[in-house]
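Okay, so here's the structure we're looking at.
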Protein chains: 2
Amino acid sequence: MANIKEIARIAGVSVTTVSRVLNNHPYVSKDKRTAVLKTIEQLNYTRNMNAVHLITGRTGAVAVILPMINSFYFSVVMDGLAQAALMAQYRLILCQTNYVPEEELKVLNMLRNKEIDGVVIVSTALKPEMIEPYCAYGPIVTCQNSGERPYSSVYIEHYAAFRHGLDYLHSKGHRKIGYCEGRENGSSASIRQSAFQDFLAEKGLPFDPEWMIFDCVREEDGAEVARRLLDMRSRPEAMIISGDHVAAGLIIEARKHGLSIPEELAVMGFDNQPIGRLLEITTIDNQLYQMGSAAFEIVHKHIHGSSLPVTRKLEYRIIERSTV
Amino acid sequence: MANIKEIARIAGVSVTTVSRVLNNHPYVSKDKRTAVLKTIEQLNYTRNMNAVHLITGRTGAVAVILPMINSFYFSVVMDGLAQAALMAQYRLILCQTNYVPEEELKVLNMLRNKEIDGVVIVSTALKPEMIEPYCAYGPIVTCQNSGERPYSSVYIEHYAAFRHGLDYLHSKGHRKIGYCEGRENGSSASIRQSAFQDFLAEKGLPFDPEWMIFDCVREEDGAEVARRLLDMRSRPEAMIISGDHVAAGLIIEARKHGLSIPEELAVMGFDNQPIGRLLEITTIDNQLYQMGSAAFEIVHKHIHGSSLPVTRKLEYRIIERSTV
DNA sequence: TTGTACGCGTTATCAA
DNA sequence: TTGATAACGCGTACAA
């Protein structure tokens with residue numbers, strides 16, 4: 001393939017002039033510009049971007065660390081990231097890490113290697129002290145509050161949002177409240193657990209360990225929960241469930257067994273997923289798309305100079321439908 | 001940041017020796033190797049990968065072109081791609097193009113630019129004749145049958161799979177059959193339309209344009225279809241629906257209005273999505289995950305030398321549940 | 001087993 | 001407005 005030197009030789013100019021044309025720099029006479037463009041056309045020339053990356057020290061790429069893409073939560077965040085990246089003419093490197101910290105560190109090392117200009121971390125497998133040393137190599141944005149750390153973040157107040165949902169259930173008169181969660185030790189899951197425990201304590205409500213169910217990730221897990229509830233001697237009046245698709249599974253299975261919702265069991269979802277709208281599930285919207293787009297915008301600003309870390313809090317809101 | 005020259009100087013060896021250590025090449029004495037490793041450690045050195053990419057002519061990255069990531073179909077394919085890429089230690093550049101051909105061409109040009117080693121096209125916005133010229137620049141794999149074209153593909157036999165579903169409905173005694181599709185002019189959607197029309201013609205069944213409904217993409221669209229069906233003077237006995245989540249919307253809404261499924265309306269889904277399992281929707285599994293992983297494996301093989309185009313056909317199978 | 005020197009393809013610098 | 005040349009950081013042919 002032709003290179004810039006050959007273009008210069010054939011067009012009868014210097015490589016500098018060719019470079020100026022390629023980059024739309026001023027101070028190129030009309031004659032030479034057209035001569036260069038014509039030669040480029042003739043030889044079907046394009047730049048080798050690796051050389052550009054080497055000399056400029058930039059790649060126009062940002063890596064995204066997420067545990068899995070095939071999940072409503074992450075694919076919506078990714079959508080937001082991708083649309084923002086498309087607008088900014090940036091490339092996104094999708095690094096699906098399955099929550100394996102070693103894989104996530106590899107991505108951070110790409111920042112050191114100059115393979116990328118920045119990183120967005122949507123996963124939560126890495127502890128802040130693992131991330132921090134990499135700030136020296138380029139901008140990093142996480143999706144949980146980075147507080148006093150030297151990197152930026154876009155975050156949801158998981159505690160407050162979940163607490164808000166619980167208070168809503170309480171305001172509707174529910175006192176016996178159960179809770180479904182995904183991974184027991186997930187970072188935001190832990191926060192929601194605290195919110196749940198604190199809520200019970202403050203309101204003086206009883207805690208029944210049987211009403212707190214973990215590893216609810218898929219629709220079928222929700223259905224399984226419904227069956228467990230039906231078997232209980234003492235059943236909660238209301239369930240708060242992280243993830244509308246899990247709530248959907250619970251609702252469909254419960255109704256199949258003749259349990260009426262919300263009369264016999266109120267259900268509050270989380271994350272405002274499409275299935276929730278269909279089943280009219282009362283839920284909490286967490287602005288996941290905005291989380292993605294905001295994360296990209298912040299990393300993009302950092303790449304272009306703004307160096308002070310930013311923490312952006314996203315709003316949440318209850319969507320009242322008909323399952324509570 | 002330190003570079004290889006500085007490491008060599010401080011370690012008291014040549015850059016060649018450092019390079020050999022970095023790349024685990026043989027013929028380096030133990031002494032020099034440890035000296036180099038020690039210096040690397042001390043100076044916190046890592047390679048600038050852009051220089052490596054420039055000199056080697058490879059980047060270890062593959063781009064994926066897809067219209068949107070926030071959709072069950074594409075996120076499952078992407079999952080397959082990502083897992084295969086992770087195993088092969090490759091990076092994946094996610095290019096969400098919203099079906100805009102210009103954006104997809106930009107990605108193909110990245111191949112020309114040497115920014116990537118290969119491309120997987122999951123979208124269908126580009127015509128084969130648009131793709132073909134780019135084969136000169138590196139391996140390309142598409143997700144629809146590439147036939148005699150000079151690039152590879154992994155594909156589902158959309159015609160046969162859909163036809164199989166229709167025959168299944170027919171074998172169950174259904175004669176008045178309706179059909180829900182996503183984008184009317186989508187590439188695989190058009191194929192399914194032909195299958196549908198051919199099926200009706202062969203079986204001598206009537207075609208009612210009212211029973212063929214397009215733009216069904218979300219759960220709510222399925223619910224809307226249910227309402228339309230309920231209003232019809234003459235209603236189909238069975239519906240075949242591209243996408244289980246659309247089928248789910250239809251089923252839930254139909255049942256809400258007292259229509260019993262499958263007795264009064266049989267429903268056949270497509271794509272075997274999680275929601276379909278929960279609602280016990282009879283559907284056709286299209287091996288989307290395998291589509292992604294196979295696509296990556298093929299492009300990976302091409303990158304490492306194998307140059308003959310491959311077309312890999314994936315199997316489909318009916319999953320009999322209880323809505324037909 | 002080791003080192004010298006060149007090449008990869010581009011942009012930046014500076015003098016003209 | 002133009003061009004010669006340095007610089008980016010690394011891999012490798014070839015010589016020793």
>> Restricting to non-hydrogen atoms, name the atom on B:I140 and the atom on B:Y151 that form the minimum distance, rounded to 0.1 Å.
In response: O-CB, 3.4 Å
Just how far, in rounded Å, is [atom2] of [N] from [atom1] of [X]?
{"X": "A:N50", "N": "C:dT11", "atom1": "CG", "atom2": "P", "result": "13 Å"}
{"X": "B:M49", "N": "C:dC8", "atom1": "CE", "atom2": "C1'", "result": "15 Å"}
{"X": "A:N113", "N": "D:dC8", "atom1": "CG", "atom2": "P", "result": "18 Å"}
{"X": "A:H53", "N": "D:dC10", "atom1": "NE2", "atom2": "P", "result": "17 Å"}
{"X": "B:N48", "N": "C:dC8", "atom1": "CG", "atom2": "C1'", "result": "13 Å"}
{"X": "A:L54", "N": "C:dG7", "atom1": "CG", "atom2": "P", "result": "17 Å"}
{"X": "B:I40", "N": "D:dG9", "atom1": "CD1", "atom2": "P", "result": "16 Å"}
{"X": "B:I55", "N": "D:dA13", "atom1": "CD1", "atom2": "C1'", "result": "11 Å"}

> Sequence neighbours excluded, which residues qualify as ring-ring contact (aromatic ring centres under 6.0 Å, His included) partners of B:H302?
Replying inline: none
> Sequence neighbours excluded, which residues qualify as ring-ring contact (aromatic ring centres under 6.0 Å, His included) partners of A:Y155?
Replying inline: none
> Looking only at atom types and distance, does a side-chain atom of A:S293 sit under 3.5 Å from a main-chain N or O of A:G80, one as donor and one as acceptor?
Replying inline: no
> Contacts to DNA chain D from residues 5-31 of chain A, heavy-atom cutoff under 4.0 Å, which residues?
Replying inline: A:V13, A:S14, A:V15, A:T16, A:T17, A:R20, A:Y27, A:V28, A:S29
>> What's the angle between the local helix axes at either end of the helix from C:dT1-D:dA16 to C:dA16-D:dT1, using five pairs per end and rounding to 10 degrees?
In response: 30°
> Closer than 4.0 Å, any side-chain N/O of A:N3 to the OP1 or OP2 of C:dG9?
Replying inline: yes
> Does B:K114 have a side-chain nitrogen or oxygen under 4.0 Å from the phosphate oxygens OP1 or OP2 of C:dC8?
Replying inline: no
Once salt bridge (Lys or Arg N to Asp or Glu O under 4.0 Å) is applied, what residue pairs with a partner in [range] remain, sequence neighbours excluded?
{"range": "residues 66-86 of chain A", "value": "none"}
{"range": "residues 11-38 of chain A", "value": "none"}
{"range": "residues 131-156 of chain B", "value": "B:E129-B:R149, B:E132-B:R149"}

> Residues in side-chain hydrogen bond (donor to acceptor under 3.5 Å, both in side chains) with A:K106, at least two apart?
Replying inline: A:E103, B:Q89
> Nearest to the side chain of B:V52 - D:dG3, C:dC8, D:dC10?
Replying inline: D:dC10
>> Could you work out, with salt bridge (Lys or Arg N to Asp or Glu O under 4.0 Å) as the rule, every residue matching A:E115, not counting sequence neighbours?
In response: B:R91
